[in-house]
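This report concerns only the one structure given below.
Residue numbers start from 1 in every chain, and the chains themselves are labelled A, B, ... in the order their sequence lines are given, proteins ahead of strands. This structure is a prediction, so every number in the text was calculated from the model and none was measured.
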Amino acid sequence: MRDADVSAALLSWYDIHARDLPWRVGPRARAAGARPDPYAVWLSEVMLQQTTVAAVRDYFRRFTTRWPDVAALAAAEDGAVMGEWAGLGYYARARNLLKCARAVVADHGGRFPTTRDALQALPGIGPYTAAAIAAIAFDRPETVVDGNVERVMARLFAVETPLPTAKPALTALAARLTPQERPGCHAQAVMDLGATICTPKNPACGICPLRAPCAARDRGIAATLPRKLAKKPRPTRLGHAYIGRRADGAWLLERRPDTGLLGGMLGWPGSEWAETEPCAAPPVAADWRPLDQEVRHTFTHFHLRLALHVAALPQGCTPARGFFLPAADFRPADLPTVMRKAFDLARCGHGAD
DNA sequence: AAGACGTGGTG
DNA sequence: TCACCAAGTCT
């Protein structure tokens with residue numbers, strides 16, 4: 001089967017089976033002349049980096065409700081955006097989101113640039129996102145390569161070279177299939193196929209629109225592709241966190257530095273996180289009482305066991321670190337997940353509230 | 001140019 | 001329980 005026929009089969013499938021997503025203009029609306037909003041495309045693509053559609057839906061809705069366009073987002077306060085992003089992970093995305101919105105307003109008159117290169121020059125927009133925005137929002141025939149596309153290409157052409165070595169070859173194969181017409185729909189079609197049919201485990205080859213030309217299915221090795229190099233084992237780190245509340249109800253929190261893990265997010269003061277037992281580091285002298293339960297949380301590259309300490313703090317105390325956030329201004333949902341877990345345990349396990 | 005960077009769902 | 005995985009980017 002020729003490349004053009006494969007692309008046509010894929011697009012036909014997409015026109016029938018395209019998922020209804022809040023940021024997407026469906027094939028029918030598009031045929032009627034509707035165009036996607038570049039702001040919505042950009043926001044959704046950043047949220048979807050290494051993140052599932054299911055996790056993104058509600059965040060996308062909340063962001064677009066609170067900040068309907070790029071100018072509104074650019075004018076937002078940092079803490080408001082970080083709080084709204086809390087729980088979604090990879091917080092550098094939120095920091096870069098704001099930088100990008102402000103750059104679009106300051107340097108591009110409030111409109112997103114339309115070429116791949118200009119898009120990729122913006123903060124938080126890499127090769128994938130630049131190509132996706134250019135194709136989906138601006139109809140540019142760019143080749144979009146994400147994990148789905150890599151998997152679909154590896155199977156369609158039975159590429160047995162492991163990732164990441166195979167990435168350039170898979171990109172070249174994806175480029176062969178990229179049509180001049182409706183490149184954005186094509187990109188979304190490949191990704192939808194990868195997300196719903198050509199899945200990592202148990203691919204549904206029986207109902208796949210590309211089963212005929214698929215070389216891996218022909219050889220019975222679809223589920224084993226793409227091959228990947230072995231990953232390193234994750235170490236376990238230990239730490240302490242201090243959940244203190246003042247007599248007036250205010251919580252002792254700190255704003256984490258902009259760089260590094262959970263950068264820019266709220267958190268409970270605490271020790272370093274290390275593979276050997278770290279030194280206790282209470283932010284203020286008080287009657288800290290250990291909690292029975294610890295927080296167990298897994299990050300991308302290590303497991304964490306966080307010992308918790310709670311205390312009622314005197315009204316006049318002056319902590320060495322952090323600040324008191326009045327109870328009325330404290331929303332647990334503004335915390336990154338590991339910190340919210342700590343809060344939940346402290347609230348249930350002891351009279352920290 | 002490997003490693004840092006979150007989280008929730010899944011088998 | 002636990003490794004793997006998801007519409008990657010930055011340094």
Side-chain angles (χ1 to χ4, degrees), chain A residues 18-19 21-24 40-60 82 85-97 99-100 119-133 135-137 142-152 163-165 167 171 174 184 186-196 198-203 223-224 226-237 256-265 267 273 295-304 333 335-341:
Chain A
R19 290 182 290 174
L21 303 174
W23 48 85
R24 176 177 282 178
V41 174
W42 163 70
L43 180 61
S44 66
E45 290 300 341
V46 172
M47 287 183 166
L48 286 164
Q49 291 167 4
Q50 295 287 283
T51 309
T52 58
V53 166
V56 163
R57 277 183 188 274
D58 289 345
Y59 282 87
F60 178 83
M82 300 312 288
W85 197 277
L88 198 54
Y90 283 137
Y91 298 101
R93 292 185 296 172
R95 302 193 301 273
N96 286 328
L97 193 77
K99 284 186 199 164
C100 181
L119 286 162
Q120 198 172 329
L122 290 164
I125 299 184
Y128 161 77
T129 306
I133 298 172
I136 296 169
E142 301 291 354
T143 299
V144 178
V145 183
D146 72 334
N148 289 305
V149 177
E150 290 176 351
R151 185 169 60 256
V152 170
L163 286 166
T165 310
K167 171 107 179 176
T171 299
H186 171 80
Q188 292 174 93
V190 185
M191 293 190 285
D192 268 23
L193 187 77
T196 62
C198 195
T199 51
K201 297 169 184 175
N202 306 316
T224 71
R227 294 187 183 160
K228 297 189 179 181
L229 264 26
K231 296 176 182 174
K232 287 187 176 178
R234 269 192 286 240
T236 295
R237 295 186 190 170
R256 298 174 62 88
D258 255 357
T259 55
L261 193 65
L262 308 179
M265 300 299 291
W273 297 346
V295 171
R296 287 175 178 257
H297 190 79
T298 298
F299 293 97
T300 308
H301 52 296
F302 64 94
H303 303 287
L304 176 67
L335 298 174
T337 297
V338 64
M339 298 296 174
R340 189 182 45 72
K341 283 185 183 176

Classify the nucleic acid contact of [X] as base, sugar-phosphate or nothing, counting any heavy atom under 4.0 Å across all strands shown.
{"X": "A:R24", "value": "base"}
{"X": "A:V144", "value": "nothing"}
{"X": "A:L21", "value": "base"}

Rounded distance (Å) that lies between atom [atom2] of [N] and atom [atom1] of [X]:
{"X": "A:W273", "N": "B:dA4", "atom1": "CH2", "atom2": "P", "result": "15 Å"}
{"X": "A:M191", "N": "C:dA6", "atom1": "CE", "atom2": "P", "result": "14 Å"}
{"X": "A:I125", "N": "C:dG8", "atom1": "CD1", "atom2": "C1'", "result": "12 Å"}
{"X": "A:K228", "N": "C:dC4", "atom1": "NZ", "atom2": "P", "result": "10 Å"}
{"X": "A:L163", "N": "C:dA6", "atom1": "CG", "atom2": "P", "result": "10 Å"}

Those residues that, when tested against A:F299, pass ring pair (Phe, Tyr, Trp, His ring centres under 6.0 Å) (two or more places apart):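 Partners of A:F299 under the ring pair (Phe, Tyr, Trp, His ring centres under 6.0 Å) test: A:W273, A:H297, A:F302.
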
Span that lies between the P atom of B:dG3 and that of C:dC4, in whole angstrom: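 Each nucleotide's P atom is 16 Å from the other's.
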
Euclidean distance for P, C:dT11 against B:dG6 (whole angstrom):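 To the nearest whole Å, 13 Å.
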
Partners passing side chain to side chain donor-acceptor pair (under 3.5 Å) against A:Q49 (at least two apart in sequence or in another chain):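 Testing A:Q49 for side chain to side chain donor-acceptor pair (under 3.5 Å), a comparison that skips the adjacent residues, returns A:T129.
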
Results of side chain to side chain donor-acceptor pair (under 3.5 Å) for A:R296 - residues two or more places apart only: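 For A:R296 the side chain to side chain donor-acceptor pair (under 3.5 Å) partners, ignoring immediate neighbours, are A:E294.
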
Salt bridge (charged side-chain N to carboxylate O under 4.0 Å, His left out) against A:D258, all qualifying residues, sequence neighbours excluded: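 With neighbours one apart ignored, the set is empty.
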
Residues which pass salt bridge (charged side-chain N to carboxylate O under 4.0 Å, His left out) with A:R256, listed by chain and number, not counting sequence neighbours: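 Result, salt bridge (charged side-chain N to carboxylate O under 4.0 Å, His left out) vs A:R256: none returned.
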
Contact nearer the 5' end of DNA chain C, comparing A:R19 with A:L122: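 The residue mapped nearer the 5' terminus is A:R19.
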
Base-contact (B) and sugar-phosphate-only (S) positions in nucleotides 5-11 of chain B, heavy-atom cut-off under 4.0 Å, - elsewhere: BBBS---

Nearest heavy atoms of A:A130 and A:I125, plus distance in Å: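 Minimum heavy-atom separation between A:A130 and A:I125: N-CG2, 3.4 Å.
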
Aromatic contact, A:W23 with A:F60 (centres under 6.0 Å):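 Yes, ring centres under 6.0 Å apart.
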
Residue-phosphate contact under 4.0 Å: A:K231 side-chain N/O, C:dC5 OP1/OP2: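 So the side-chain polar atoms of A:K231 do come within 4.0 Å of the phosphate oxygens OP1 or OP2 of C:dC5, strictly under.
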
